[in-house]
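Step one of this worksheet: look at the structure below.
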Amino acid sequence: MYTSDDERLMRHALGLASRGLYTTTPNPRVGCVLAKDGIIVGEGWHRRAGEAHAEVLAIADAGAHRALGATAYITLEPCNHVGRTPPCVDALHQAGIKRVIVAIQDPNPRVAGQGLQRCRELGMDVRCGLLSDDAMDLNPGFFKRMTTGRPWVRAKTAISVDGRTALSNGDSHWITSRLARDDGHAWRARACAVLTGIGTVRHDNPQLNVRAVETTRQPLRVVVDARFEIDLQSAILAGGHALIVVIVDLEKPVYAEKFSALQERGVEVVQLPPTSDGKVDLGQLMQVLSQRAMNEVHVEAGAQLTGAMMQQGLIDEWLVYMAPIFLGEGLPIAAGIGPWSSPDQAPRWHWKQPTVVGDALRAQLVKA
């Protein structure tokens with residue numbers, strides 16, 4: 001069904017889409033290539049919400065003459081509705097595009113096959129499904145948010161060979177090399193939000209912003225702080241753009257001064273109903289973040305919060321940096337997991353793209 005040229009050109013389009021890895025939120029990362037006889041005549045990728053889509057930029061790059069009669073290779077179904085920008089289907093038709101090859105259908109209910117159908121109605125030869133897994137990997141959060149109402153949650157941790165995240169006293173500076181830590185910043189940069197717990201804030205006082213890679217957008221920093229205990233001098237509050245999630249009644253006078261001080265700094269405090277055991281409802285928190293158009297949530301938290309999220313099935317992917325060191329007695333990745341009577345009962349994960357970064361083996365794991 002597809003030729004080697006088709007695959008080559010779609011891979012190029014996927015590479016273009018990845019250039020928007022840090023910037024397109026809440027929109028998906030999309031690339032487009034226009035080609036004639038296997039030769040690229042125009043290309044483009046979506047940079048950020050509100051700006052031109054990949055198809056429009058590729059058409060402009062090609063120019064009217066070269067775009068006429070070309071094949072469009074697009075990593076996501078073109079839209080057929082008016083949002084912040086006009087429909088891409090109309091742009092393809094007006095440019096005289098002859099064929100449209102799409103990697104994957106758009107899960108957005110406003111599109112969801114309608115763009116492909118409209119292209120066919122306008123006389124274009126349309127095919128869909130080329131390198132669909134690769135296209136999905138570029139936008140796991142967008143697909144999950146559109147289909148489930150929750151973001152894609154990626155938990156990041158550094159561990160020793162014997163599976164410890166820190167010594168028994170909590171000291172973990174540093175298990176891995178700077179190269180591995182900088183790589184972790186690249187994963188922060190692609191996320192919409194970085195989530196941690198009040199325990200980590202108290203113990204490590206992290207900034208949890210992106211510093212090691214260039215980005216024009218910082219993710220929202222989210223702190224799960226049920227009792228509203230955060231210190232106003234915490235590094236994570238610097239510069240605002242943070243969200244504190246509590247269960248206490250913020251209208252009580254005891255919280256008024258802190259609440260007001262945080263608001264003045266550009267920090268938002270959200271109250272959620274408590275669970276039966278007096279904790280933040282993490283499932284509801286994920287829904288709240290999804291409603292705020294958060295596609296990917298990056299978790300860097302201690303064993304208690306990470307374990308609770310894992311128990312509730314909220315973690316979709318693990319990003320594990322294994323350092324060549326043995327810590328012996330120390331802290332685990334996640335607390336409260338199991339116990340099981342046999343290994344068969346434990347949840348299974350798939351390995352994905354293991355690679356060496358600095359002194360660490362970086363492994364990605366996704367749910368089986």
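Note: hydrogens, waters and symmetry copies are ignored here, and every other heavy atom, side chains too, is used. Keep in mind the model is a prediction, meaning the values are calculated, not measured.
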ILVMFWY cluster, Met310 and Val280 together (side-chain gap under 4.5 Å): yes

Closest non-hydrogen atom pair, Ala103 against Thr75: CB-O, 3.4 Å

Pairs flagged by side chain to side chain donor-acceptor pair (under 3.5 Å) wherever residues 256-268 is involved - sequence neighbours left out: Glu268-Arg292

Closest non-hydrogen atom pair between Tyr255 and Phe228, with its separation: CD2-CD2, 3.6 Å

Rounded distance [0.5 Å steps], CG in Asp231 versus CD1 in Ile198: 8.5 Å

Closest approach of Ser160 to Ile175 (non-hydrogen atoms, all atoms of both residues): N-CG2, 4.4 Å

Test item: Val299 and Ile315 side chains (from C-beta on) under 4.5 Å apart, heavy atoms: no

Side chain proximity check, Gln284 to Pro273, heavy atoms < 4.5 angstrom: yes

Side-chain heavy atoms of Val89 within contact of Leu122, under 4.5 Å: yes

ILVMFWY clustering at 4.5 Å (side-chain atoms), partners of Val33: Met1, Tyr2, Leu9, Met10, Leu14, Leu16, Leu21, Tyr22, Ile40, Trp45, Tyr73, Ile101, Leu130, Leu131, Leu138, Val210, Val213

With sequence neighbours excluded, residues passing ring-ring contact (aromatic ring centres under 6.0 Å, His included) with His46: His53

Intermediate values then yes/no, side-chain contact (heavy atoms from CB on, under 4.5 Å), Leu34 and Ile59: CA-CA 7 Å; Leu34 302 186; Ile59 291 168; 4.0 Å; yes

No-hydrogen, no-angle side-chain donor-acceptor test under 3.5 Å, Thr3 and Asp5: no

Closest contact, heavy atoms only, Ala191 versus Arg217: O-NH1, 3.0 Å

Member of Asp359, Thr157, Leu361, Asp183 meeting the side-chain contact (heavy atoms from CB on, under 4.5 Å) criterion with Tyr321: Asp183

Side chain to side chain donor-acceptor pair (under 3.5 Å) assessment of His241 paired with Gln218: CA-CA 8 Å; His241 196 50; Gln218 287 286 343; over 6 Å; no

Electrostatic pair Arg29-Glu296, nearest N-O below 4.0 angstrom: yes

Separation between CD of Gln114 and CD of Glu77, rounded to the nearest 0.5 Å: 8.0 Å

